[in-house]
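Here the structure comes first, spelled out in structure tokens, and everything after it is commentary.
Excluded from the calculations below are hydrogen atoms, water molecules and symmetry mates; all remaining heavy atoms, backbone and side chain alike, are included.
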Amino acid sequence: MNTWFFEDQTKNLKIGVKINNILYSEKTKYQKLAVVDTLEFGRMLVLDDIIQTTVADEFVYHEMITHVPIFTHSSPEKVLVVGGGDGGAIREILKHPSISKAVLVEIDEGVVKASQKYLPEISEGLNDPRAQVVIEDGIRYIKEHKNEFDIIIIDSTDPIGPAVGLFALEFYKNVFNCLKDDGLFVAQTESPFFNKDLIKKVFTDINSLFSITRLYLANVPTYPGGLWTFTMGSKKYDPLNKDIKDIDKVTGLNTKYFNADIFKTCFVLPEFVRELIR
């Protein structure tokens, strides 16, 4: 086939990826869904013509959105993931033996099914008996569950379409209520180059609710600008106070990006990012 897929990353920026084949394509109830085989990044999940994940670089995003909050918390047992129908976050969460239950709430069942068929190395955690998949609107699910989870991870798509409500203050209020008294949550919060206003707003909203708010970074090549932000709201635990010796003691995580040093350094922000949340 040898054609090109282009994503409009901003109004003024495109990324082009050469593809071998379109493995799957459908119009679900919520969005256009496709899985394509690329020359550079292997199989790639695309929603509404926006790159969601690839088998080549998914480990960065999934490891950083999960292991950072898990190690920040003292002893999490029950974790909720909103979005993330590819299952990558669930896979990483369940590497921790302390986790007794990981709930994935995904609004679009098509994403889960396509990922299980075409991205098995990412979605494999969904087969774990500790994993529960709920096909439902995550906003409604969180609103209906109180004081239930140790950690909540908002693994959302970009703030358009069905994901818009996942970046609202009212949603963060419900997240706060859904967490236990010592709970914390992390949301992916887009690019510090191209989403400055969003990052400022989200950080301010979360900071108005949680006693501890931290922003941290990772590098994901297929996301706009490469540099990506995550924002944490915590009721009790501050990642900056974590003794990384405790992380070094943990074995069997088999990570490719995350380690104890990365945990510490990911909270060290470039000056232009500090300015966004100052």
Checking the side chain of [X] only, and the main-chain atoms of [Y] only, is there a donor and an acceptor separated by less than 3.5 Å?
X: Q9; Y: I15; answer: no
X: S123; Y: S115; answer: yes
X: D8; Y: T10; answer: no
X: S191; Y: G225; answer: no

Inspect the surroundings of [atom1] in [X] and state if more than 12 heavy atoms from other residues, nucleotides or ligands are less than 6.0 Å away.
X: K117; atom1: NZ; result: no
X: K27; atom1: NZ; result: yes
X: K236; atom1: NZ; result: no
X: K264; atom1: NZ; result: yes
X: K143; atom1: NZ; result: no

For the residue pair [X] and [Y], what are the closest heavy atoms and their distance?
X: T72; Y: P239; answer: OG1-CB, 3.4 Å
X: Y216; Y: L269; answer: CA-CD2, 4.3 Å
X: L33; Y: A114; answer: CD2-CB, 3.8 Å

Subject >> NZ or CZ of K180 within 45° of F149 ring axis and under 6.0 Å >> reply: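 Geometry flag: not set, cation outside 6.0 Å or 45°.
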State the [atom1]-[atom2] distance between [X] and [Y], to the nearest 0.5 angstrom.
X: I50; Y: E7; atom1: CD1; atom2: CD; result: 6.0 Å
X: I93; Y: K78; atom1: CD1; atom2: NZ; result: 13.5 Å
X: E148; Y: N177; atom1: CD; atom2: CG; result: 13.0 Å
X: L198; Y: F203; atom1: CG; atom2: CZ; result: 13.5 Å
X: D37; Y: F5; atom1: CG; atom2: CZ; result: 14.0 Å
X: F263; Y: M64; atom1: CZ; atom2: CE; result: 9.0 Å

**OP:** Would you tell me whether Q31 and D108 have side-chain atoms, one donor and one acceptor, within less than 3.5 Å of each other?
**Re:**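 A pair is found: one side chain offers a donor N or O, the other an acceptor, under 3.5 Å apart.
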**OP:** Ignoring hydrogens and angles, state whether a donor on the side chain of T213 or N207 is under 3.5 Å from an acceptor on the partner side chain.
**Re:**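 Distance-only check passes for T213 and N207.
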Subject >> Passing option when I152 is tested against N174, V79, L80 for side-chain contact (heavy atoms from CB on, under 4.5 Å) >> reply: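 Testing each of N174, V79, L80 against I152, the sole residue satisfying side-chain contact (heavy atoms from CB on, under 4.5 Å) is L80.
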Original post:
Per the side-chain contact (heavy atoms from CB on, under 4.5 Å) rule, which among V17, D57, V60, T38 passes with T222?
Top reply: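 Going through the options one by one, the only one that passes is D57.
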**OP:** Salt-bridge test for D205 and K201: reply yes if a basic N is under 4.0 Å from a carboxylate O, no otherwise.
**Re:**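 So D205 pairs with K201 through a salt bridge.
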**OP:** Before accepting this row, confirm whether a basic side-chain N of the pair E58/R91 lies closer than 4.0 Å to the acidic partner's carboxylate O.
**Re:**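 Counted as a salt bridge, because a side-chain N and a carboxylate O are separated by less than 4.0 Å.
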Can you name the residues that form a side-chain contact (heavy atoms from CB on, under 4.5 Å) with [X], not counting sequence neighbours?
X: E121; value: R43, V55, L119
X: H73; value: P76, D150, I151, D182, L184, Y237
X: Y61; value: I65, D155, Q188, V220, Y223, W228, F230

**OP:** With side chain to side chain donor-acceptor pair (under 3.5 Å) as the test, would you mind laying out the steps for S75 and S98 before giving the verdict?
**Re:** CA-CA 7 Å; S75 54; S98 71; over 6 Å; no
Subject >> Stepwise side-chain contact (heavy atoms from CB on, under 4.5 Å) check, V82 with I153 >> reply: CA-CA 6 Å; V82 175; I153 293 170; over 6 Å; no
**OP:** Report whether L215 and F176 are members of the same hydrophobic cluster (ILVMFWY, side-chain heavy atoms less than 4.5 Å apart, transitive linking).
**Re:**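 They do not share one cluster, since no chain of ILVMFWY contacts under 4.5 Å joins L215 to F176.
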